[in-house]
There are 2 protein chains.
Amino acid sequence: MTAQRYSAPLSAAEQSEFVPFLHELLATATAVIQPLFMSGTVVDSKSDASPVTAADRGAEAAMRALIEQRYPAQGIVGEEYGVKAGAGYRWVLDPVDGTRAFITNCFLFGTLIALEREDGAGWRPVLGAIAHPVAGLTLIGHDSEARLHAADGSSRRVHVRACTQLRDATVLATTHWSTGEQRGGPAVERVIRAAKLYRTWGDCFGYFALATRGADLMLDPSLAHWDVAAIVPVVEGAGGRVTAWDGGDPLAQLSLIASAGPLHDEVLALLREGG
Amino acid sequence: MTAQRYSAPLSAAEQSEFVPFLHELLATATAVIQPLFMSGTVVDSKSDASPVTAADRGAEAAMRALIEQRYPAQGIVGEEYGVKAGAGYRWVLDPVDGTRAFITNCFLFGTLIALEREDGAGWRPVLGAIAHPVAGLTLIGHDSEARLHAADGSSRRVHVRACTQLRDATVLATTHWSTGEQRGGPAVERVIRAAKLYRTWGDCFGYFALATRGADLMLDPSLAHWDVAAIVPVVEGAGGRVTAWDGGDPLAQLSLIASAGPLHDEVLALLREGG
């Protein structure tokens, strides 16, 4: 059985055009973010009470300026500055995924970027990036491959592990339920108890670990479009499988189960059980 | 009231002698660990079922060789290769603190080193290091200061935040209780619920975050001598306070509450309440 895929194929012409530009965007974001990390930068609260800093705002503003200069007709969707309508393609930006990590001096925050293409059925991601500036490591993925880029300019293909059952799996899941941010509840507990190793490292790092053979399953019961759009091409490019919590389209539902593949159905079944 | 301190003072002569050697030890460990990170290195199980890799073993062996060459009369206590008796001073080594992080490709593992000095009452730590090789950041502390060293050779003094009450505090605590590794139980839940922000990032990173103003409280209900010995001089050097879970000597009890200082008694009181 071939699992449904949720990123659309990237053509060779698109790859030549947009992958170098994606690297430019990431370098632009990192140049803003890096000096603010561990600097004691002021933390403001957004309307949803989540924290935001000059790193989030400055990195997104710098990326938007670069996109508007290079591709003025294309759209932009950003966590901090909203939607700019456009045609054909749009760039989806989360300058600092894991702002709580960023303000806690934690190396696990990342920059997420997706390129989405308009087709008959709406927008689909064709290219995604998960960049961890402190580690100097960036994953870039599209339908047929995912590559890990190091700060020295080298890169290598990455692929998920061959993990076929949950009892052999390393499972990651965002944060801790006692904070009220994790809404998985008893269903997630069942998954965790069935796994070999569980850790709470979440945000985009969970998907980075999955794609680089550090983990086999990452769970996120609720997240934003700018997170899902970047993650889906990276995980699918690395040979993994993504679905929403109910097994459907994660871009429609904005929840995410990302796995090494063969164990995905076992996880879906456990999450479906009552409770 | 001046809080009890658990690291002993480092003399200027000791600082000149041993701080450069500590940097040598850290460089030696990093040279072994770095190439094995994200390499899919084999994971073995120790007798207590905890994981161990060639990074743990190789880094400790390399550090022990360097110590035996330079200071043949001094003692060594290492997580992987045990105790070598010695006089005057001994080096306490945890080559990879957070082996589960290391094998999950997580940037939060670290190398811990302490120098302990023998006095009438036994061994006391006088110098400690928490090094995060992936981030290229190392904290070195002793009784009167803690410094953050970057990969480019620069360094700066660090100091804990002025956090006076738990309701303003960012709290970190090791892992997740559902794994059975966290034995804090309801007492820790009380602390977490009273805090401003809670995250599960643990291992030595929690103390790194505390010393660099990323967090205000780190809790570890159970850990090993090689962890506590390195952490105590770093946190005290950064102006923070450490005690065991019951308020006493963390080197005697092998549990650790490390805080920005003024909120410490409030935390001890919450942990002492029944349950």
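In the text below, chain A, chain B and the rest are named by the order of the sequence lines, each starting its count at 1.
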Result of checking A:V96, A:L36, A:T111 against A:D56 for side chain to side chain contact (heavy atoms under 4.5 Å, CB included):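 Checked A:V96, A:L36, A:T111 against A:D56; only one passes side chain to side chain contact (heavy atoms under 4.5 Å, CB included): A:V96.
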Indicate yes or no for a side-chain donor-acceptor contact from [X] to the backbone of [Y] under 3.5 Å, with no hydrogens or angles considered.
X: B:E79; Y: B:P95; answer: no
X: B:R190; Y: B:L270; answer: yes
X: A:H132; Y: A:F109; answer: yes
X: B:E236; Y: B:S7; answer: yes
X: B:D97; Y: B:D94; answer: no

Engaged part of A:F205 at the chain B interface, taking heavy atoms whose separation is under 4.5 Å: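 The side chain, not the backbone.
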- request: Sort by residue number and list every member of residues 208-217 of chain B having a non-hydrogen atom under 4.5 Å from chain A.
  value: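 The list, in residue order, reads B:F208, B:A209, B:T212, B:R213, B:G214, B:A215.
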- prompt: Using a heavy-atom distance cut-off of less than 4.5 Å, which residues of residues 149-166 of chain B contact chain A?
  reply: B:R156
statement: Answer key: most heavy-atom pairs under 4.5 Å with chain A among B:C106, B:G136, B:P51, B:A135 is B:C106
- line: Counting heavy-atom pairs under 4.5 Å with chain A, the top scorer among B:T170, B:L148, B:I103, B:L108 is B:L108
- request: Return the minimal non-hydrogen interatomic distance between A:V32 and A:A54, and the atom names on each side.
  value: CG1-O, 4.4 Å
Gap separating the CZ atom of A:R100 from the CG atom of A:D203, nearest 0.5 angstrom: 8.5 Å
- prompt: Less than 6.0 Å separating the ring centroids of B:F107 and A:F107?
  reply: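 That pair fails the under 6.0 Å test.
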query: Is any side-chain heavy atom of B:V188 less than 4.5 Å from a side-chain heavy atom of B:P221?
result: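 Result no, sub-4.5 Å side-chain heavy-atom pair not found.
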message: I'd like to check B:I130 versus B:I231 (side-chain heavy atoms, cut-off strictly below 4.5 Å). Are they in contact?
response: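 Yes. Closest side-chain heavy atoms under 4.5 Å.
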